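What follows is a single structure, written as C-alpha cells, with notes after it.
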Amino acid sequence: AAPAASDLEKLQVLGHGNGGTVYKVRHKRTSATYALKVVHGDCDPTVRRQVFREMEILRRTDSPYVVQCHGIFEKPSGDVTILMEYMDLGSLDSLLKKNSTLSESTLAHVARQVLNGLHYLHSHKIIHRDIKPSNLLVNKNMEVKIADFGVSKIMCRTLDACNSYVGTCAYMSPERFDPDTYGGNYNGYAGDIWSLGLTLLELYLGHFPFLPPGQRPDWATLMCAICFGEPPTLPEDASEDFRSFVECCLQKESSKRWTVAQLLTHPFVCKESRSDR
Ligand code: ATP
Ligand code: MG
C-alpha cells in the first residue's frame, strides 16, 4: 500500500519547478525513499491546472519508462502533493552539468529508453510536449524515465488545439510555431520527436544546440533559428548512425520526421541493445 502523507519525513529539497517544490522524503516505517512534489493551494490558476493535468496523467500511466506515481494527496488547504519514485541521479540536465558531455554509447541507451517511454505515451494518446534534459530522470541503474507532465496533452477524438504555446519554447518544433509551413499532416506527436532530437544533441554537445555555450535563450532569436534556419546537426566526430538518428528526429517538416515506431528500428538504438546484453 502507498504510504500516507503523515508517514513521510522530508529529507532535502531536490528541485524547484514553477509553482512547486520537489523533496526527497523518507517513509518513517520502511525507510524507503521517495520524491514528493508539493504545490501550494494558493498558487496561480495556470500552475494549478498543470498540477491537475499531471495528476491525471500519472494516475493513468504505468510503464518502466515513465516515472512512477505512488500516491496523490489533496489537503483541505488546497495543497496538492504527488508521491513519486525517487530517481537518485536526478535529471539528465544535472548529469550533464556534472559530466560536461555524455558519450555516444550513453546517449544510445538514453535514446532507446526515452523512445520506449514515448512509445508507451503515444500509444496511450498522450503527448508529453515538454521533453528536455531536466524532465528526463535517471537512477543509479541508468534507467531513464520521463517525468513532468504539467503541459502534456491527452488526445481525444479530434486533433484539436494541441498547438498552443506550452512547454519550454526552446525545445518546441517548427510546426508548433508555424503549422502552415511545417505542419503537413499535423498531429502533435511529432513535436515530442523533435524535442528528443534536440535533447540528444544538447547532451552530446554540452550546450543547447541553437545557441553558443552560455548564452541565455531569447524567444525571438530562437523562434527565427528554429523556423528559418537549417536544423542543427551533430559534428563530424559523431558516428554515422548517431548523426542519422538525430537527422531523422530533426526534420523541420513534421510529416517527414520519423515516428517513435520507426525510430525504434533505427540502427543507432538497435545495435546498442545487442551489445548491452
Ligand atoms: P522544470 O521547469 O525544470 O521542468 P518543473 O516545474 O517542471 O521544473 P519538476 O520537473 O517536477 O518541476 O521538478 C523539478 C526538479 O526536481 C527536477 O528538475 C528534478 O531535478 C527534481 N525531481 C523531480 N522529480 C524527481 C524524482 N522523482 N526524483 C528525483 N528528482 C526529481
Ligand atoms: Mg520539469
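Counting starts at 1 for both ligands and their atoms, following the listed order. For the numbers below, each heavy atom of this structure counts, side chains included, while hydrogens, waters and symmetry mates do not. These figures come from a predicted structure and were not determined experimentally.
Proximity to Gly15 (heavy-atom distance under 4.0 Å) selects the following atoms of ligand 1: 15 (C), 16 (O). The contact set between ligand 1 and Leu14, taken as ligand atoms under 4.0 Å from a residue heavy atom, comprises 29 (C), 30 (N). Per-residue contacts place Val22 under 4.0 angstrom from the following atoms of ligand 1 (heavy atoms of the residue considered): 13 (O), 16 (O), 22 (N), 23 (C), 24 (N). The contact set between ligand 1 and Lys37, taken as ligand atoms under 4.0 Å from a residue heavy atom, comprises 9 (P), 11 (O), 12 (O). Counting the atoms of ligand 1 from 1 in the order shown, those under 4.0 Å from a heavy atom of Asn135 are 4 (O), 10 (O).
Proximity of Asp93 to ligand 1, defined as any heavy-atom pair under 4.0 Å, is not found for any part of the residue. Within the 4.0 Å heavy-atom criterion, the part of Ala35 lying near ligand 1 is the side chain and not the backbone.
Residues Gln113 and His109 bring a donor and an acceptor atom of their side chains to less than 3.5 Å of each other. Residues Ser244 and His266 bring a donor and an acceptor atom of their side chains to less than 3.5 Å of each other.
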Is there a salt bridge (Lys or Arg N to Asp or Glu O under 4.0 Å) between Lys28 and Glu9? Walk through the geometry before answering.
CA-CA 7 Å; Lys28 289 176 201 156; Glu9 175 191 7; over 6 Å; no
Salt bridge (Lys or Arg N to Asp or Glu O under 4.0 Å) assessment of Glu247 paired with Arg243:
CA-CA 6 Å; Glu247 195 183 319; Arg243 288 166 58 90; over 6 Å; no
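At a cut-off of 2.8 Å, Asp130 does not coordinate the Mg ion (ligand 2) through any N, O or S atom. At least one N/O/S atom of Asn135, from backbone or side chain, sits under 2.8 Å from the Mg ion (ligand 2).
The N, O or S atom of Asp148 lying closest to the Mg ion (ligand 2) is OD2.
Remark: ligand 1 and Tyr86 share no N or O pair separated by less than 3.5 Å (distance only, no angle test). Considering backbone and side-chain N/O of Met87, one or more are found under 3.5 Å from N/O of ligand 1.
Here the side chains of Cys248 and Phe268 are not in contact, with every heavy-atom distance at 4.5 Å or above. The side-chain heavy atoms of Lys37 and Cys69, taken from C-beta on, include no pair separated by under 4.5 Å. For the pair Leu136/Ile146, a side-chain contact is recorded, criterion being any heavy-atom separation below 4.5 Å from C-beta on. Two residues are said to be in side-chain contact when any heavy atoms from C-beta on lie closer than 4.5 Å; Ile226 and Trp194 meet this criterion.
Residue contact annotation: Lys132 has a non-hydrogen atom under 4.0 Å from ligand 1.
Hydrophobic clustering keeps Leu11 apart from Val38 (ILVMFWY residues linked when any side-chain heavy atoms are closer than 4.5 Å, directly or through intermediates).
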